[in-house]
Amino acid sequence: MEHEHPVLDLSMDAAELTARLVDFASVSGEEKPLADAIERALRDLPHLRVDRDGNAMVARTDLGRAERVVLAGHIDTVPIADNVPSRLTETADGEKLLWGCGSSDMKSGVAVQLRIAATVPEPNRDLTFVFYDNEEVAAELNGLRRLAERHRDWLAGDFAVLLEGTEGQVEGGCQGTLRVRVETTGRRAHSARSWLGDNAIHHAAPILDRLSRYEPRSVAIDGLTYREGLNAVRIEGGHAGNVIPDACAVTVNFRFAPDRSEEEALAHVREVFDGYDVVLTDSSPGALPGLEHPAAAAFVAAVGAEVGPKYGWTDVARFSALGVPAVNYGPGDPKLAHTREEHVSVSAILRAEERLRAWLTA
């Protein structure tokens, strides 16, 4: 056979195409067969220019429209949990459900991208379709990050939609996130003679007290309310069952509203823990929702969906860093992502395609 997998048929409806995509196992780092199939399908569309970097593809129209919109989605999944190939079931009330690894996160969104690419050759806005690899693993491997570093011009646009699962809601921007280690020190001693030591774990008590008394901020941006959170997520300390510890570290995660920069967020955390050693371990910026942009307003009106803030971090932040306002909108259910029971409603997939088509052809 010429190909290990069947060629992608973009004349299928978005639900059938989702099933075909699920059947292409594409765990992070193993996306090449699916990337090859997507590239072949895109190159068969004469109205698109297609570029590739590794296992990431960018396809663009060039119609001279006044605006350019980016539709983006990752093609990798978490490891398979006995949930490939796909299967279709029907509930007692007639709702069809498509099951399989990546069905919700986010091959249903990728199927919608491909359908729009194939069936909307003359959109009312120029379109850029981004399909990228390695989203589910370490940030330094992320295909969208690689594209932004190597081919920033490929990602140019006035507005972007990341088709991550949102259950058909529009989620504006995303929170930023950072983690720090708040460290204490003491003096090691035998626990039978504890008065000779200085217990570093005990010194962590005021850190936890500050966290328990901390009042997180809520801030309204473009009509959306983002709730911040500052929480201990790990405590490390101790050497043995009979040793007074001389070091302890509390790992604290700060989820911050997108009106703060990473630098401002870190400064705030250092202020909260004034007097302690605070070591930054990782940080990612938030993304402003950009809902006041005309293309965003038209998108929200066209899809007719409820609009809310994005709690959590997504790759919309990468577009925001490029100066492209972005929202999250996709048919999948984020609560099912990465689960053995991952599935997506067929009607949700078809509705997402229909709404995007209405927006881009009105």
Side-chain angles (χ1 to χ4, degrees), residues 1-44 54-57 71-119 129-137 141 143 162-168 330-354:
M1 293 180 61
E2 181 183 355
H3 305 303
E4 181 181 354
H5 297 281
V7 173
L8 291 176
D9 180 359
L10 302 191
S11 68
M12 293 177 168
D13 70 36
E16 293 173 319
L17 189 54
T18 300
R20 184 60 59 86
L21 292 172
V22 170
D23 293 342
F24 277 84
S26 58
V27 175
S28 303
E30 302 172 7
E31 302 96 334
K32 188 176 185 304
L34 179 54
D36 290 345
I38 290 175
E39 181 184 13
R40 287 192 295 268
L42 293 173
R43 290 196 184 279
D44 285 340
N55 289 325
M57 279 75 56
L71 301 180
H74 66 83
I75 64 173
D76 63 317
T77 72
V78 295
I80 295 167
D82 299 321
N83 51 357
V84 171
S86 62
R87 60 188 178 90
L88 189 68
T89 65
E90 189 169 331
T91 66
D93 59 3
E95 182 182 15
K96 293 182 179 179
L97 303 176
L98 177 66
W99 300 72
C101 184
S103 55
S104 184
D105 181 21
M106 58 165 294
K107 289 185 175 180
S108 51
V110 171
V112 171
Q113 286 178 264
L114 288 169
R115 284 286 296 160
I116 296 299
T119 63
F129 301 92
V130 182
F131 305 88
Y132 60 99
D133 57 308
N134 280 309
E135 189 271 349
E136 300 287 8
V137 289
L141 301 176
L162 183 65
L163 277 89
E164 282 271 13
T166 63
E167 290 190 280
D333 181 348
K335 297 187 295 297
L336 296 171
H338 304 184
T339 67
R340 187 178 295 271
E341 300 78 25
E342 186 173 1
H343 62 273
V344 63
S345 164
V346 167
S347 62
I349 303 172
L350 300 179
R351 183 164 55 250
E353 178 188 357
E354 176 186 356

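Nothing fancy with the numbering, it's 1 onward along the sequence. Hydrogens, waters and symmetry mates play no part in the numbers below; they use all other heavy atoms, side chains included.
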| Check: Glu31 and Glu135 side chains under 4.5 Å, non-hydrogen atoms | no
| Are Asp105 and His74 close enough, and set up right, to give a side-chain hydrogen bond (donor to acceptor under 3.5 Å, both in side chains), and what steps lead you there? | CA-CA 9 Å; Asp105 181 21; His74 66 83; 3.2 Å; yes
| Where do Cys101 and Val22 come nearest, in terms of heavy atoms and distance? | O-CG1, 3.6 Å
| Shortest non-hydrogen separation from Gly73 to Val110 and the atoms involved | C-CG2, 4.4 Å
| message | Quick check: do Leu8 and Leu21 have side-chain heavy atoms less than 4.5 Å from each other? | response | yes
| request: Rounded to the nearest 0.5 Å, what's the gap from NE2 on His338 to CG on Leu336? Could you check? | output: 11.5 Å
| task | Measure across Ala117 and Leu42 and return the closest heavy-atom pair with its distance rounded to 0.1 Å. | result | CB-CD2, 4.3 Å
| task | Would you check if Val344 and Ile349 make a side-chain contact, meaning some heavy-atom pair closer than 4.5 Å? | result | yes
| query | Counting N and O atoms only, with roles assigned by atom type, does the side chain of His343 sit under 3.5 Å from a partner on the main chain of Glu341, one being a donor and the other an acceptor? | reply | yes
| query | Do the side chains of Thr89 and Lys96 get nearer than 4.5 Å, heavy atoms only? | reply | no
| said: Test side chain to side chain contact (heavy atoms under 4.5 Å, CB included) on Leu97 and Val346; report intermediate values, then the result. | reply: CA-CA 6 Å; Leu97 303 176; Val346 167; over 6 Å; no
| Is there a donor-acceptor contact under 3.5 Å linking the side chains of Glu95 and Ser345? | yes
| Separation between CD of Glu30 and OG1 of Thr77, rounded to the nearest 0.5 Å | 8.5 Å
| query | Okay, side chain of Gln113, backbone of Ala111: is any donor-acceptor separation there less than 3.5 Å? | reply | no
| said: Less than 4.5 Å apart, side chain to side chain, heavy atoms only: is that true for Ile116 and Phe129? | reply: yes
| field | Test item: Glu16 side-chain N/O and Asp13 main-chain N/O as donor-acceptor pair under 3.5 Å | value | yes
| task | Using modelled atom types only, decide if a donor and an acceptor are shared between the side chain of Ser108 and the backbone of Pro331 within a distance under 3.5 Å. | result | no
| Which residues pass the side-chain contact (heavy atoms from CB on, under 4.5 Å) test with Glu167, sequence neighbours left out? | Asp333, Pro334, Lys335
| Donor on one side chain, acceptor on other, Asp76 and Ser26, under 3.5 Å | no
| request: Could you tell me whether the side chain of Asn83 and the main chain of Ala81 form a donor-acceptor pair under 3.5 Å? | output: yes
| How many angstroms lie between atom CG of Asn55 and atom CG of Asp36, to the nearest 0.5 angstrom? | 7.0 Å
| note | Correct closest heavy-atom pair for Gly143 and Tyr132 would be C-CB, 4.0 Å
| query | Heavy-atom distance under 4.5 Å between the side chains of Leu114 and Ile38, does that happen here? | reply | yes
| request: Evaluate the criterion side chain to side chain contact (heavy atoms under 4.5 Å, CB included) for residue pair Val27 and Val78; output intermediate values, then yes/no. | output: CA-CA 6 Å; Val27 175; Val78 295; over 6 Å; no
| said: Less than 3.5 Å apart, any donor N or O on the side chain of Ser86 or Trp99 sitting next to an acceptor on the other? | reply: no
| Pair Asp44 + Arg40: basic N to acidic O under 4.0 Å | no
| task | Could you tell me which residues satisfy salt bridge (charged side-chain N to carboxylate O under 4.0 Å, His left out) with Arg43, sequence neighbours excluded, listed by chain and number? | result | Glu39
| request: May I have all residue pairs that pass salt bridge (Lys or Arg N to Asp or Glu O under 4.0 Å) and include part of residues 342-354, sequence neighbours excluded? | output: Arg115-Glu353, Glu353-Arg357
| task | Could you tell me whether the side chain of Thr18 reaches within less than 4.5 Å of the side chain of Val112, counting heavy atoms only? | result | no
| field | Gap between atom CG of Leu98 and atom CG of Leu88 - 0.5 Å precision | value | 6.0 Å
| query | Does Lys107 reach the main-chain N or O of Gly102 with its side chain, forming a donor-acceptor pair under 3.5 Å? | reply | no
